[in-house]
Amino acid sequence: IAVLFGPISTIAFASGQTGFLAAALLTAGLRLSRSNPVLSGIALGLLSYKPQLGLLVPVGLVAVGAWRAIGATVVTITCLGAAATWRFGWQVWTAWLAIMPHYDAFFVALHQTLPIQPTVLANLRLLGCPYMVAEAVQGAVALVVAVLVWRVHKRGSDRIAQAALIVGTFLATPHAFVYDMPVLIAALCLVVQDWIEAGTDFTVAELAILILATGFPAYMMVARPMIPISSVSLILLFTMIVRRAGRAARRIPAPAEAVCALA
């Protein structure tokens, strides 16, 4: 009930956008990367209709060595491209390349949508930063997030690692809107499930971060604030998840320690 009628879901229902589809494809692709890599690759390949939401997927898959899932993703994207070329002709690609600069200019000039874009780039522009400066900071943040997602996934593709990738996506990508965020619900569910199965309690600060992460999209849509509430909320949530992953890794004994303990 909380998922269906939460702020993010309500926004996605009201806008009629494809946030639920993208959430299903990204979550399924990550969750199935080990158990069913072919289906995982198909789901992630279909997500290429919104490539900005798959920005960190290669980082996570390569880090855990999910090569079959990567191969299935590449094959799926290739098949989609071939189908588009067969249906519309090769001119569709030259037309696409030709229109991209115009779309970029249109998007940059679209200031009225900045309050509903949960990206570092949009938040910095809300604060009055020049576009080039905001782009540079966005690139630096994306690099830091990618490194942290890599490190978390090197410990294994578990729930907390997948949650880090999902949340990190909205910090790394320069192009997203609030209606793209149903996948954030999946990340919150993964975090809560990981905490429950580990038998640990949330601290007051962690509960506050979870509440903020659940509610800030509604505030963005209603108040359209000229402050970086989305980036602050996502940074706090991402930091909490990465710290959780680090604590979990420290609790796992190294192979040699495990052998000594058994002996």
Side-chain angles (χ1 to χ4, degrees), residues 2-3 6-12 19 22-23 26-27 30-31 52-57 59-60 115-124 126 137-138 140-153 155 157-174 176-198 200-221 223 225 227-249:
V3 169
I8 299 175
S9 298
T10 303
I11 292 167
L26 179 56
T27 308
L30 296 176
R31 299 290 288 150
Q52 68 270 27
L53 297 183
L55 197 62
L56 295 176
V57 168
V59 176
I116 61 170
Q117 296 178 40
T119 65
V120 173
L121 178 64
N123 280 207
L124 289 174
L126 280 175
V137 175
Q138 174 70 80
V141 170
L143 181 60
V144 171
V145 169
V147 170
L148 291 174
V149 168
W150 172 275
R151 291 182 61 183
V152 170
H153 274 78
R155 303 182 183 116
S157 182
D158 55 7
R159 292 186 183 92
I160 206 69
Q162 292 155 11
L165 189 151
I166 292 170
V167 176
T169 294
F170 290 97
L171 292 171
T173 183
F177 286 86
V178 67
Y179 50 68
D180 292 320
M181 301 192 76
V183 69
L184 186 63
I185 298 173
L188 293 171
C189 290
L190 290 170
V191 169
V192 172
Q193 188 175 10
D194 182 78
W195 250 267
I196 290 173
E197 291 192 357
T200 55
D201 296 325
F202 289 103
T203 65
V204 174
E206 289 167 343
L207 283 173
I209 291 172
L210 289 174
I211 293 171
L212 181 62
T214 303
F216 83 85
Y219 184 66
M220 289 175 65
M221 289 297 295
I227 55 176
I229 183 172
S230 58
S231 288
V232 171
S233 304
L234 291 169
I235 288 171
L236 289 173
L237 181 60
F238 182 74
T239 302
M240 184 185 80
I241 293 171
V242 171
R243 289 186 63 189
R244 169 74 177 184
R247 290 197 297 268

Straight-line distance of Ser233 OG to Ile211 CD1, nearest 0.5 Å: 12.0 Å

Interatomic spacing from CZ in Arg243 to CD1 in Ile160 - rounded to 0.5 Å: 12.5 Å

The single option from Val147, Leu143, Val149 passing side chain to side chain contact (heavy atoms under 4.5 Å, CB included) against Val145: Val149

Give a yes or no on whether a salt bridge exists between Arg244 and Glu206, defined as a side-chain N under 4.0 angstrom from a carboxylate O. no

Output for pair (Ser230 OG, Ile235 CD1), nearest 0.5 Å, gives 9.0 Å

Would you indicate whether the side-chain heavy atoms of Leu188 and Leu237 approach each other to under 4.5 Å? yes

Report the distance from atom CZ of Phe216 to atom CG of Leu236, rounding to the nearest 0.5 Å. 10.5 Å

Is any side-chain heavy atom of Leu124 closer than 4.5 Å to a side-chain heavy atom of Gln138? no

Would you say the side chain of Thr169 lies within less than 4.5 Å of the side chain of Val183, judging by non-hydrogen atoms? no

For a 4.5 angstrom cut-off between non-hydrogen side-chain atoms, does Arg159 reach Arg31? yes

How many angstroms lie between OG1 in Thr214 and CD1 in Ile209, if you round to the nearest 0.5 Å? 11.5 Å

Of all heavy-atom pairs between Trp195 and Asp201, which one has the smallest distance, and what is that distance? NE1-O, 3.9 Å

Looking only at non-hydrogen atoms, find the nearest pair between Gly19 and Pro182 and report the distance. C-CG, 3.6 Å

